[in-house]
Amino acid sequence: MIRQQVEEFLFQVLRARPEETDLSSVSVDSTRDPAHGDLALNAAMVFAKQWKRPPREIAEELAASFRTSPLIAAVEIAGPGFINFRIAPAAYQELLREILAQGPAFGTRTAKEPRREQIEFVSANPTGPVNVVSARAAAVGDTLARLFEAIGIEAEREFYVNDHGNQVDHLLDSVLYYLNGEKGEFPENGYRGDYVSEIAAEARSGFLALLVEGEEDPDTARLAALREAIPALVAGDSGPWEGASPEAGSAVSVTAATRRGLLRQWVLERMLAWQRNDLEAFGVRFQSWFRESSLHAGSDIDDTYAGLEKSGDVFENDGAHWFRSTKYGDEADRVLVRSNGQPTYFLADIAYHRTKAERKYDHAIDILGPDHHGHIARMLGAMRALGCPDEWLEIMIVQQVNLLKDGKPVKMSKRAGDFIALRELIDEVGTDAARFFFVMLKPNTHLNFDLDLAKSRSLENPVYYVQYAHARVCSVLRHAEAAGIEPGAHRKADLAFLTETDDLSLLKNLDRYPDTVEAAALTREPQRIPTYLKELASEFHGYYHKVKVVTDDRPLTLARLALLEGTRTVLQNGLALLAVDAPDAM
RNA sequence: GCGCCCGUAGCUCAGCUGGAUAGAGCAGCUGACUUCUAAUCAGCAGGUCGCAGGUUCGAAUCCUGCCGGGCGUACCA
């Protein structure tokens with residue numbers, strides 16, 4: 001806030017200069033070393049070349065014209081030509097007033113023009129509970145969406161459901177294996193894991209009770225009603241026949257084939273509900289679940305193919321229809337329609353992305369796992385062939401998590417049932433710690449996640465360090481009340497008493513928050529939030545030990561309580577971006 | 001072979017989109033609780049930012065080439 005104001009002022013002065021100036025690489029940054037003041041301007045070094053004059057000389061000249069702002073208490077020249085500014089305490093006091101006034105809104109802003117962003121992430125196959133490998137993408141994607149919302153961009157989270165391929169059938173076969181008493185061979189390509197037998201048991205006691213095998217019931221309306229009711233049945237928010245409305249308890253007679261189809265539908269819905277619950281427990285709620293099957297049901301695939309054909313980048317070879325993706329930087333051309341006439345997953349995926357464009361998002365982001373980086377060039381190429389603007393689709397890769405157990409990598413195989421569920425991670429280390437941990441790291445670096453370490457030493461997780469800072473602030477505020485200071489009195493404090501280095505240094509940290517939020521969103525680097533919060537917490541813990549807040553000096557006490565209130569607000573707002581709880585006590 | 005990502009302290013990682021003396025946590029060492037929560041703080045020690053060039057007033061950051069690690073290279077989804 002202060003930084004932006006100072007920047008605005010300095011740029012105004014610089015633009016008024018008689019010389020030709022290029023301000024593109026001029027920046028106002030907060031300093032690392034307090035000896036360098038609060039903010040630093042690099043303009044003199046940038047101009048040295050443009051103006052062909054020594055930087056220190058330019059700095060001297062510029063500095064003189066910067067002394068007029070009430071925000072600036074002192075201007076100094078240092079090093080190769082940095083112009084350092086010391087910010088007036090009054091400016092920091094005003095910042096605090098602003099933080100207290102804005103509360104939860106501090107660090108957020110509204111956009112000049114409304115924008116709709118779409119973020120697609122997780123999009124795991126609906127064949128098992130959400131895997132811990134998806135957890136990082138879930139945390140990163142959701143935090144990114146929250147960051148966009150904070151800077152005034154409407155962000156919609158979407159989960160792409162791959163319900164068309166034969167994986168769901170493989171899952172169904174596995175469920176049937178358990179339903180049929182585990183007789184015979186376990187199905188080829190089947191899915192193992194306790195969840196499969198759990199679903200089978202659920203189906204047996206619930207859904208299947210609504211079906212009787214035999215001749216198809218002539219009352220097709222009842223069958224259609226049952227089909228419709230499946231999502232509600234799974235969600236458990238209606239009785240078996242509410243919404244379907246035939247006579248209570250009476251089962252529908254169906255053929256074996258229909259029964260299989262209905263059960264497939266039920267298994268799919270059950271799996272999606274399971275995934276939705278896991279993700280919500282992790283603080284992630286998708287506004288949209290887009291089904292691949294809906295593309296095949298309509299004309300999207302054909303329309304997309306036609307669109308690509310129009311671009312001239314489609315050709316026929318060996319009876320198949322290909323997209324010339326090599327034209328767009330891919331290593332090889334890709335098949336759109338197989339020689340047997342079936343569309344490939346790739347074509348469906350293009351059709352899917354085409355619907356995003358049609359759904360009028362201003363921009364879309366895909367968050368993919370590292371095993372999909374080969375898809376980037378061909379997907380971007382296809383969108384370009386369809387006439388989509390270059391920048392419209394952005395594809396981010398979130399690197400995989402290498403799980404370690406006993407210091408050894410854990411092999412993850414869903415088919416073998418040999419994976420760690422997100423739910424299990426939540427139970428072991430908690431949502432707060434897991435989310436903080438996953439977002440703490442740059443998305444495109446490999447991450448080693450030692451399960452034993454996360455479980456046994458969860459108290460050493462940095463999330464507690466930040467949460468403890470928040471709890472401590474609350475504790476001091478409670479203590480002040482116990483010491484006879486009426487609640488809320490600090491909101492009317494005279495902030496002019498905040499003049500000491502420790503107070504101002506804490507305020508300087510609070511000032512960095514809005515910039516940090518914006519940078520994190522624009523650079524797609526959500527780890528900047530945890531990093532900032534750790535620094536703020538550290539600053540506060542130090543302050544706490546050094547400065548006794550509640551003393552006999554009532555005016556100063558009130559002013560410092562206001563400072564703590566501001567610190568609490570920023571900690572809360574930052575943690576909310578991560579969907580991490582800010583406890584009042586620990 | 002080709003393509004993408006990564007390489008910073010013993011370990012796990014930051015490093016504010018090119019700035020001043022590269023920082024935390026853990027592990028090691030020394031101190032601080034009759035004082036607002038010690039899940040904390042103050043301090044010591046620990047570095048050829050993979051290597052070599054280049055661009056720049058200035059490089060961990062940008063470019064090139066090597067070295068090392070991961071992943072990908074289907075008429076699968």
Side-chain angles (χ1 to χ4, degrees), chain A residues 25 27 29-33 35-36 40 42 44-46 48-49 54-55 78-82 84 125 127 162 164-167 292 317-322 329-332 334-346 348-349 369-377 397 399-400 402 437 440-442 444-450 453 457 459-465 467-469 471-480 482-483 512 515-516 519-520 522-523 525 527-528 530-532 534-535 537-538 540-551 557 560-561 564 585-586:
Chain A
S25 45
S27 63
D29 302 302
S30 57
T31 58
R32 194 170 299 178
D33 186 345
H36 297 141
N42 64 353
M45 277 104 72
V46 174
K49 193 169 190 186
F82 286 103
N84 295 330
N125 285 332
T127 52
N162 298 124
H164 179 75
N166 40 22
Q167 304 114 300
E292 184 190 357
N317 191 26
D318 292 339
H321 299 253
W322 301 67
D330 199 3
E331 305 154 34
R334 307 291 166 182
V335 172
L336 295 169
V337 181
R338 289 182 267 255
S339 47
N340 66 7
Q342 287 299 305
T344 58
Y345 178 83
F346 178 45
D349 207 15
D371 48 335
H372 285 80
H373 69 244
H375 295 230
I376 297 176
I397 296 291
Q399 287 294 335
Q400 197 148 337
N402 300 316
F437 197 85
M440 196 168 77
L441 301 148
K442 234 183 301 184
N444 62 350
T445 57
H446 303 260
L447 151 65
N448 294 317
F449 192 101
D450 190 321
L453 201 74
R457 296 168 149 184
L459 286 186
E460 291 169 9
N461 194 305
V463 70
Y464 295 98
Y465 184 79
Q467 288 182 318
Y468 184 50
R472 233 180 187 176
V473 170
C474 295
S475 166
V476 177
L477 292 172
R478 279 193 299 269
H479 173 81
R512 287 171 49 216
D515 274 343
T516 304
L522 296 181
T523 59
E525 292 186 359
Q527 85 281 357
R528 293 188 189 205
T531 300
Y532 168 79
K534 281 188 285 178
E535 284 165 6
S538 170
F540 170 72
H541 284 308
Y543 180 88
Y544 173 86
H545 275 269
K546 215 168 153 192
V547 178
K548 177 111 171 117
V549 173
V550 181
T551 64
T557 297
R560 285 187 165 152
L561 288 173
L564 293 206
M586 287 174 78

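Residue numbering restarts at 1 for every chain, and letters A, B, ... go by the order of the sequence lines.
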Within this structure, what is the [atom1]-[atom2] distance for the pair [X] and [Y], rounded to the nearest 0.5 Å?
X	Y	atom1	atom2	value
Asn162(A)	Tyr345(A)	CG	OH	4.0 Å
Asp29(A)	Arg512(A)	CG	CZ	11.0 Å
Leu447(A)	Met440(A)	CG	CE	8.5 Å
Tyr468(A)	His541(A)	OH	NE2	7.0 Å
Asp515(A)	Arg528(A)	CG	CZ	10.5 Å

Hey, does the side chain of [X] reach the backbone of [Y] with a donor-acceptor pair shorter than 3.5 angstrom?
X	Y	value
Thr344(A)	Val337(A)	no
Arg338(A)	Pro343(A)	yes
Asn42(A)	Ser25(A)	yes
Asp318(A)	Ala320(A)	no
Thr557(A)	Thr551(A)	yes

Across the strands shown, which category fits [X] at heavy-atom distances under 4.0 angstrom: base, sugar-phosphate, nothing?
X	value
Asn448(A)	sugar-phosphate
Ile397(A)	nothing
Ala40(A)	base
Ala332(A)	nothing
Leu522(A)	nothing
Pro55(A)	nothing

Taking only the [atom1] atom of each, what is the distance from [N] to [M] in whole angstrom?
N	M	atom1	result
rC6(B)	rG43(B)	P	35 Å
rC63(B)	rU55(B)	C1'	7 Å
rC16(B)	rU61(B)	C1'	12 Å
rU17(B)	rC62(B)	C1'	11 Å
rG28(B)	rG23(B)	P	24 Å
rC13(B)	rG19(B)	C1'	23 Å
rA27(B)	rU12(B)	C1'	11 Å
rG15(B)	rU8(B)	C1'	9 Å

Q | Partners meeting salt bridge (Lys or Arg N to Asp or Glu O under 4.0 Å) with Asp349(A) (sequence neighbours left out) | A |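 Applying salt bridge (Lys or Arg N to Asp or Glu O under 4.0 Å) to Asp349(A) gives none.
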
**Q.** salt bridge (Lys or Arg N to Asp or Glu O under 4.0 Å) against Arg472(A), all qualifying residues, sequence neighbours excluded
**A.**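 Counting only residues at least two positions away or on another chain, Arg472(A) forms no salt bridge (Lys or Arg N to Asp or Glu O under 4.0 Å).
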
(Q) Base contacts versus sugar-phosphate-only contacts with protein, heavy atoms under 4.0 Å: please encode nucleotides 54-62 of chain B as B, S and - from 5' to 3'. (A) ---B-----

Within this structure, what is the [atom1]-to-[atom2] distance between [X] and [N], rounded to whole angstrom?
X	N	atom1	atom2	result
Lys534(A)	rA24(B)	NZ	P	12 Å
His541(A)	rA42(B)	NE2	P	10 Å
Asn444(A)	rC5(B)	CG	C1'	7 Å
Asn461(A)	rA39(B)	CG	P	16 Å
Lys442(A)	rA14(B)	NZ	C1'	8 Å
Glu535(A)	rG15(B)	CD	C1'	9 Å
Gln527(A)	rC16(B)	CD	P	9 Å
Met440(A)	rU12(B)	CE	C1'	8 Å

Below 4.0 angstrom from OP1 or OP2 of [N], is there any side-chain N or O of [X]?
X	N	value
Tyr468(A)	rC41(B)	no
Tyr464(A)	rA39(B)	no
Gln400(A)	rC5(B)	no

Looking at every heavy atom in both [X] and [Y], which two are closest together, and how far apart are they?
X	Y	answer
Asn84(A)	Ala78(A)	ND2-CB, 3.6 Å
Phe346(A)	Val335(A)	CD2-O, 4.0 Å
Glu292(A)	Gly165(A)	OE1-N, 4.3 Å

N/O to N/O distances under 3.5 Å, protein versus nucleotides 33-36 of chain B:
{"from": "rU35(B)", "atom 1": "O2'", "to": "Lys548(A)", "atom 2": "NZ", "distance (Å)": "3.4"}
{"from": "rC36(B)", "atom 1": "O2", "to": "Val550(A)", "atom 2": "N", "distance (Å)": "3.3"}
{"from": "rC36(B)", "atom 1": "N3", "to": "Val549(A)", "atom 2": "N", "distance (Å)": "3.1"}
{"from": "rC36(B)", "atom 1": "N4", "to": "Tyr544(A)", "atom 2": "O", "distance (Å)": "2.6"}
{"from": "rC36(B)", "atom 1": "N4", "to": "Val547(A)", "atom 2": "O", "distance (Å)": "2.4"}

Q: Select from Ser538(A) and Gln399(A) the residue whose nearest nucleotide in RNA chain B is closer to the 5' end of that strand.
A: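 Nearest nucleotide further toward 5': that of Gln399(A).
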
Q. Want to settle it: does Arg512(A) or Ala78(A) sit nearer the 5' end of RNA chain B, counting the closest nucleotide to each?
A.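 Whichever sits nearer the 5' end wins; that is Arg512(A).
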
(Q) Quick check for you: among rU21(B), rC2(B), rA20(B), whose closest atom lies nearest to any side-chain atom of Glu331(A)? (A)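 Side chain of Glu331(A) sits closest to rC2(B).
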
Please tabulate, one pair per line, each protein N/O and nucleotide N/O from nucleotides 74-77 of chain B that are separated by under 3.5 Å, including the distance.
{"from": "rC75(B)", "atom 1": "O2", "to": "Ser339(A)", "atom 2": "N", "distance (Å)": "2.8"}
{"from": "rC75(B)", "atom 1": "O2", "to": "Ser339(A)", "atom 2": "OG", "distance (Å)": "3.0"}
{"from": "rC75(B)", "atom 1": "N3", "to": "Ser339(A)", "atom 2": "OG", "distance (Å)": "3.1"}
{"from": "rC75(B)", "atom 1": "N4", "to": "Asp318(A)", "atom 2": "O", "distance (Å)": "3.0"}
{"from": "rC76(B)", "atom 1": "OP2", "to": "Arg338(A)", "atom 2": "NE", "distance (Å)": "2.9"}
{"from": "rC76(B)", "atom 1": "OP2", "to": "Arg338(A)", "atom 2": "NH1", "distance (Å)": "2.2"}
{"from": "rC76(B)", "atom 1": "O5'", "to": "Arg338(A)", "atom 2": "NH1", "distance (Å)": "3.2"}
{"from": "rA77(B)", "atom 1": "OP1", "to": "Arg338(A)", "atom 2": "NH1", "distance (Å)": "3.2"}
{"from": "rA77(B)", "atom 1": "OP1", "to": "Arg338(A)", "atom 2": "NH2", "distance (Å)": "2.8"}
{"from": "rA77(B)", "atom 1": "OP2", "to": "Arg338(A)", "atom 2": "NH1", "distance (Å)": "3.1"}
{"from": "rA77(B)", "atom 1": "OP2", "to": "Tyr345(A)", "atom 2": "N", "distance (Å)": "3.4"}
{"from": "rA77(B)", "atom 1": "O2'", "to": "Gln167(A)", "atom 2": "OE1", "distance (Å)": "3.1"}
{"from": "rA77(B)", "atom 1": "O2'", "to": "Gln167(A)", "atom 2": "NE2", "distance (Å)": "2.5"}
{"from": "rA77(B)", "atom 1": "N6", "to": "His375(A)", "atom 2": "NE2", "distance (Å)": "3.4"}

Q | Nucleotide pairing, RNA chain B (Watson-Crick or G-U, distances under 3.5 Å), in dot-bracket with [ ] and | | A | (((((((..((((.....[...)))).(((((.......))))).....(((((..]....))))))))))))....

Q | Check: Tyr544(A) and Val473(A) side chains under 4.5 Å, non-hydrogen atoms | A |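 When only atoms from C-beta onward are counted, Tyr544(A) and Val473(A) do not touch, as no gap falls below 4.5 Å.
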
Q: Report yes if the ring of Phe82(A) lies under 5.5 Å from the six-membered base ring of rG19(B) with planes under 30°, and no otherwise.
A: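 Not stacked: fails the 5.5 Å / 30° test.
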
